[in-house]
Amino acid sequence: MRLLEAGPIARRIKNSLAKEISDFKIRPVLATIQVGDNPGCDSYIKAQKKESSALGIECQLHKLSQVITEKDLSGLIQRLNQDKHVNGIVVMFPLPVHIDHKKISSILSPQKDIEGVSLSNLGSLIVGDALILPTTTAAVMQLLEVTGIDLYGKEVVIVGHSRIVGKPLALMLLEKFATVAVCHIATSEKGNLAKHVERAQVLISAVGRAGLIKGKWIKEGAVVIDVGINRANGKIVGDVEFEEAAKRASWITPVPGGVGPLTVMMLLRNLVEAAKIQRKK
């Protein structure tokens with residue numbers, strides 16, 4: 001078993017971005033919108049600020065009340081869309097239940113949507129022509145590249161079908177001609193989750209439920225990427241039972257330290273790309 005850690009990859013990307021920013025004399029501006037309080041969001045924003053500061057990227061945080069109206073949130077996004085000094089916009093999810101997250105995603109300018117969650121960017125994945133790739137999905141693909149695995153014809157099982165991880169990841173893996181199965185709550189409720197996981201040559205779990213994937217289900221020699229981040233017994237853990245799974249996997253991501261650090265760097269890489277596209281206009 002080999003640990004599939006994001007740190008070394010993230011450092012390489014960071015060094016490359018530092019050179020790009022210096023060479024092109026770009027000082028990108030990132031605007032992050034947070035509605036209400038959420039410890040998970042706070043942690044991600046803190047990581048954004050830390051890495052941005054090291055690269056000379058300017059961060060703007062728009063922290064809004066939990067009771068903000070959908071109209072007022074939409075107005076802020078539209079103003080940021082039109083602000084020539086802002087190169088990238090991130091809306092932290094989840095949003096309060098009274099706000100339609102699909103509508104908010106649809107308002108984001110595709111050229112400033114550096115998380116790749118706008119309807120335009122997600123839709124372009126279907127034809128393999130996305131302007132900006134969803135950050136977590138891009139991080140997973142980077143990790144798979146490190147393993148050297150040839151995805152052509154491989155049995156890939158994705159657990160979790162969210163619109164920002166599971167679904168776009170399935171589309172990107174199909175572009176690599178992997179044989180993709182996507183599992184979700186109905187798969188589990190019907191008692192079929194173990195059966196699908198057991199045949200996976202590549203397993204990717206992005207549910208956010210500690211211990212959902214039993215270590216004994218992992219196929220011998222499988223590549224395991226655990227996107228889940230959960231708190232259990234005072235520890236941060238993934239969706240996969242790590243110790244048992246590590247006995248069977250050829251590669252496995254630790255939690256924490258697996259996908260997370262790379263996701264932040266993918267976000268900043270998208271920001272730099274967005275700034276370059278906008279400069280050309």
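In what follows, residues are counted from 1 in the order of the sequence shown. What you see is a predicted model; the values in this text were computed from it and never measured.
Put simply, the residue from Q201, H196, K219 that forms a side chain to side chain contact (heavy atoms under 4.5 Å, CB included) with E155 is Q201.
Of all the heavy atoms in I218 and A245, the pair that sits closest is CG1-CB, 3.7 Å. Taking each heavy atom of E5 and I9 in turn, the nearest pair found is O-CD1, 4.0 Å. L122 and P134 make their closest contact through CD2-CG, 4.1 Å (heavy atoms, listed as atom of the first residue, atom of the second, distance). S74 and I104 make their closest contact through OG-CD1, 3.7 Å (heavy atoms, listed as atom of the first residue, atom of the second, distance). When all heavy atoms are compared, the tightest approach of L133 to A138 is CB-CB, 4.3 Å.
By the rule that hydrophobic residues join a cluster once side-chain heavy atoms approach within less than 4.5 Å of another member, M266 and L17 end up as members of one cluster. By the rule that hydrophobic residues join a cluster once side-chain heavy atoms approach within less than 4.5 Å of another member, M92 and V227 end up as members of one cluster. Under the 4.5 Å side-chain heavy-atom criterion for grouping Ile, Leu, Val, Met, Phe, Trp and Tyr, V86 is connected to L108 within one hydrophobic cluster. By the criterion of side-chain heavy atoms lying less than 4.5 angstrom apart, applied directly or through intervening Ile, Leu, Val, Met, Phe, Trp or Tyr residues, I236 is not grouped with V240; the two fall into different hydrophobic clusters.
Side-chain N/O atoms of N121 and S124 include no donor and acceptor closer than 3.5 Å. Looking at D37 and Q66, their side chains never bring a donor and an acceptor atom within 3.5 Å of each other. For the 3.5 Å distance criterion, the side chains of D42 and Q34 qualify, holding a donor opposite an acceptor. Judged by distance alone, the side chains of Q48 and T32 do bring a donor and an acceptor atom under 3.5 Å apart.
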All N/O donor-acceptor pairs, side-chain side in residues 176-187, below 3.5 Å, sequence neighbours left out:
residue	atom	partner	partner atom	Å
H184	ND1	A186	N	3.4
T187	OG1	H184	N	3.0
T187	OG1	H184	O	3.4

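Atom CZ of R163 has more than 12 neighbouring heavy atoms from other residues, nucleotides or ligands inside a 6.0 Å radius. Annotation: E145, atom CD; neighbour count of heavy atoms from other residues, nucleotides and ligands within 6.0 Å does not exceed 12. Under a cut-off of 6.0 angstrom, the local environment of NE2 in H98 is crowded, with over 12 non-hydrogen atoms contributed by other residues, nucleotides or ligands. The environment of CZ in R2 is sparse: at most 12 heavy-atom neighbours from other residues, nucleotides or ligands sit within 6.0 Å.
Between I213 and E241, every side-chain heavy-atom pair lies at or beyond the 4.5 Å cut-off. With contacts defined as side-chain heavy-atom distances shorter than 4.5 Å, the pair V157/V202 does not qualify. Using a 4.5 Å cut-off on side-chain heavy atoms (C-beta onward), L203 and V197 make contact. Between V264 and Y44 the shortest side-chain heavy-atom distance falls below 4.5 Å. Side-chain contact between V29 and L271: absent, with no pair of heavy atoms (C-beta onward) separated by less than 4.5 Å. Residues L268 and E51 are in side-chain contact: their nearest non-hydrogen atoms beyond the backbone lie under 4.5 Å apart. Taking the side chain as every heavy atom from C-beta outward, W251 and M1 never approach each other to under 4.5 Å. Side-chain contact between L64 and D72 is absent, with no heavy-atom pair separated by less than 4.5 Å.
With S53 contributing its side chain and K49 its backbone, the two residues share no donor-acceptor pair below 3.5 Å. At distances below 3.5 Å, not a single donor-acceptor pair connects side-chain atoms of T263 with backbone N or O atoms of T136. In terms of modelled atom types and a separation under 3.5 Å, the side chain of K167 and the main chain of I164 share no donor-acceptor contact. Remark: the backbone N or O of S118 is paired with a side-chain donor or acceptor of D113 at under 3.5 angstrom. A donor-acceptor pair under 3.5 Å is absent between the side-chain atoms of H62 and the main chain of V35, judged by distance alone. The closest donor-acceptor contact from the side chain of D100 to the backbone of K102 lies under 3.5 Å. The main-chain N or O of R209 is found under 3.5 Å from a side-chain atom of D239 such that the two form a donor-acceptor pair. In this structure, the side chain of Q111 does not engage the main chain of A274 through any donor-acceptor pair within 3.5 Å. Although no hydrogens or angles enter the test, the distance criterion places a donor-acceptor pair under 3.5 Å between the side chain of R279 and the main chain of F24. One N or O on the side chain of K112 and one on the backbone of L80 form a donor-acceptor pair closer than 3.5 Å.
One finds no salt bridge joining E244 and K216 here, because no Lys/Arg side-chain nitrogen approaches an Asp/Glu carboxylate oxygen to under 4.0 Å.
Sorted by first and then second residue, the salt bridge (Lys or Arg N to Asp or Glu O under 4.0 Å) pairs involving residues 221-233 (not counting sequence neighbours) form an empty list.
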- Message: Run the salt bridge (Lys or Arg N to Asp or Glu O under 4.0 Å) test on E20 and K276 for me, step by step, so that the C-alpha distance in whole Å, both residues' side-chain angles and the decisive distance to 0.1 Å come before the verdict.
- Response: CA-CA 10 Å; E20 278 194 73; K276 288 160 64 178; 2.6 Å; yes
